[in-house]
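Structure first, commentary second.
Along the sequence shown, the residues carry numbers beginning at 1. No hydrogens, no waters, no symmetry mates; every other heavy atom, side chains included, goes into these values.
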Amino acid sequence: MDSSRSSLVLSLVETDSSRSTLMICRPLCAVVGPFMGLIEALIFSITHCFGQRRPRNCFYYSFDDVVRLASTTPFTVNEIEALRELYKKLSSLMIDDGLIHKEELQLAIFTTPVGRNLFLDRVFDLFDEKKDGVIEFEEFVRALSVFHPRAPVEDKTDFAFRLYDLRQTGYIEKEEVRQMVVAILSESGIQLSDENLEAIIDKTFIDADTDKDGKINKEDWKTFVVRHPTLLKNMTLNYLKDITSIFPSFICNTEVDD
């Protein structure tokens, strides 16, 4: 984990009451950081492989399908085609079947298909909308579209909520926030006392749990995000709107000019 993120986590232990809002927001903002890092690492690790062996064409998605996806996401047709090339490369890393398996995702990011990582598990689970153990191309595009600069704030808010809802119960509990923060501390090598950890989590819930039932539901979360918009600052990857110019090697046989 980089030094800026470590500094962010360290700052969570500040107890000055004038900084209470920062103490509430920073734990949750920091949790999103590793997920964004994983998604960026995924894209850039695969682009470095272009120009090497190309996967066989076992993955088929018609041009009409591409146009349909472009009409229902913030991506243009050319950007969808770029993502299709990225997907084809990723889905052939281990099993050349036109689907992304968790081991392939892990191999792309960590260069090893084995081992457990909470953040990787959450990325895969959120991308795998059908919960069938693989990521299909449309799932891949729709999940990435949430991080597009032109994606609706409502979509980013909902995705962030599901990020913290580890048990997929429809609400966020203290233990789920605790797991996330502990995972960040572990990755950064930072030691935090149980007392300080509980203080961070308690402050978060005092502000976010509107009906005081000990958990954060979707309406609580929406209200919380409106009050603290910085919670979504890590939910945008600006280069997604320019992916074809940043990675021109993605484009193969495009049928239109956007």
Who are the side-chain contact (heavy atoms from CB on, under 4.5 Å) partners of [X], not counting sequence neighbours?
| X | answer |
| --- | --- |
| Val225 | Thr157, Trp221, Leu231, Leu232 |
| Val67 | Phe63, Val77 |
| Ser71 | none |

Hey, do the aromatic rings of Phe159 and Phe147 have their centres closer than 6.0 Å?
yes
Kindly give the heavy-atom pair with the smallest separation between [X] and [Y], and that separation in Å.
| X | Y | answer |
| --- | --- | --- |
| Glu104 | Ile95 | OE2-N, 2.9 Å |
| Phe205 | Val177 | CE1-CG2, 3.9 Å |
| Tyr87 | Gly98 | OH-O, 3.0 Å |
| Pro149 | Thr236 | CA-CG2, 3.7 Å |
| Asp96 | Ser92 | OD1-CB, 3.3 Å |
| Gly170 | Phe161 | O-CZ, 3.3 Å |

Just checking Asp213: does its CG atom have more than 12 heavy atoms from other residues, nucleotides or ligands closer to it than 6.0 angstrom?
yes
Once rounded to the nearest 0.5 Å, what's the spacing between atom [atom1] of [X] and atom [atom2] of [Y]?
| X | Y | atom1 | atom2 | value |
| --- | --- | --- | --- | --- |
| Asp132 | Glu139 | CG | CD | 6.0 Å |
| Ile216 | Thr223 | CD1 | OG1 | 11.0 Å |
| Asp209 | Asn217 | CG | CG | 8.0 Å |
| Phe140 | Leu105 | CZ | CG | 8.5 Å |
| Met235 | Lys233 | CE | NZ | 14.0 Å |
| Asp155 | Ser145 | CG | OG | 7.0 Å |

Those residues that, when tested against [X], pass salt bridge (charged side-chain N to carboxylate O under 4.0 Å, His left out) (two or more places apart):
| X | result |
| --- | --- |
| Asp158 | Arg162, Lys218 |
| Lys130 | Glu136 |
| Glu176 | Arg167 |
| Arg178 | Glu175, Glu198 |

[Y] backbone acceptor or donor facing [X] side chain under 3.5 Å:
| X | Y | answer |
| --- | --- | --- |
| Glu81 | Asn78 | no |
| His228 | Thr230 | no |
| Asp165 | Ile172 | no |

Residue list, side-chain hydrogen bond (donor to acceptor under 3.5 Å, both in side chains) with [X], at least two apart or on another chain:
| X | result |
| --- | --- |
| Lys131 | none |
| Lys222 | none |
| Thr210 | Asp220 |
| Arg227 | Asp207 |

Same cluster (ILVMFWY, side-chain, under 4.5 Å), [X] and [Y]:
| X | Y | value |
| --- | --- | --- |
| Ile206 | Val226 | no |
| Leu83 | Val146 | yes |
| Leu163 | Tyr171 | no |

Taking Lys89 first and then Glu85, would you say they form a salt bridge - that is, a charged N and a carboxylate O separated by under 4.0 Å?
no
Under the side-chain contact (heavy atoms from CB on, under 4.5 Å) criterion, do Ile80 and Phe137 qualify, and how do the steps go?
CA-CA 10 Å; Ile80 297 291; Phe137 177 61; 4.1 Å; yes
Sequence neighbours excluded, the answer for ring pair (Phe, Tyr, Trp, His ring centres under 6.0 Å) partners of His101 is none
Can you check whether [X] reaches [Y] side chain to side chain, under 4.5 Å on heavy atoms?
| X | Y | result |
| --- | --- | --- |
| Lys174 | Asp202 | yes |
| Ser91 | Ile100 | yes |
| Lys102 | Phe124 | yes |

Using the rule given for side-chain contact (heavy atoms from CB on, under 4.5 Å), can you reason through Gln179 versus Leu166, listing the C-alpha separation, both sets of side-chain angles and the distance that settles it, and then say yes or no?
CA-CA 9 Å; Gln179 280 185 253; Leu166 298 179; 3.7 Å; yes
Start with the C-alpha distance between Arg68 and Glu138, add both sets of side-chain angles, then the distance that settles salt bridge (charged side-chain N to carboxylate O under 4.0 Å, His left out), and finish with yes or no.
CA-CA 10 Å; Arg68 176 180 54 82; Glu138 188 160 335; 3.1 Å; yes
May I have the step-by-step check of side-chain contact (heavy atoms from CB on, under 4.5 Å) for Thr73 and Arg142, ending in yes or no?
CA-CA 7 Å; Thr73 68; Arg142 293 196 183 282; 3.7 Å; yes
Please determine whether side-chain contact (heavy atoms from CB on, under 4.5 Å) holds for the pair Leu240 and Leu237, giving the CA-CA distance in whole Å, both sets of side-chain angles, and the decisive distance to 0.1 Å.
CA-CA 6 Å; Leu240 283 178; Leu237 295 173; 4.0 Å; yes
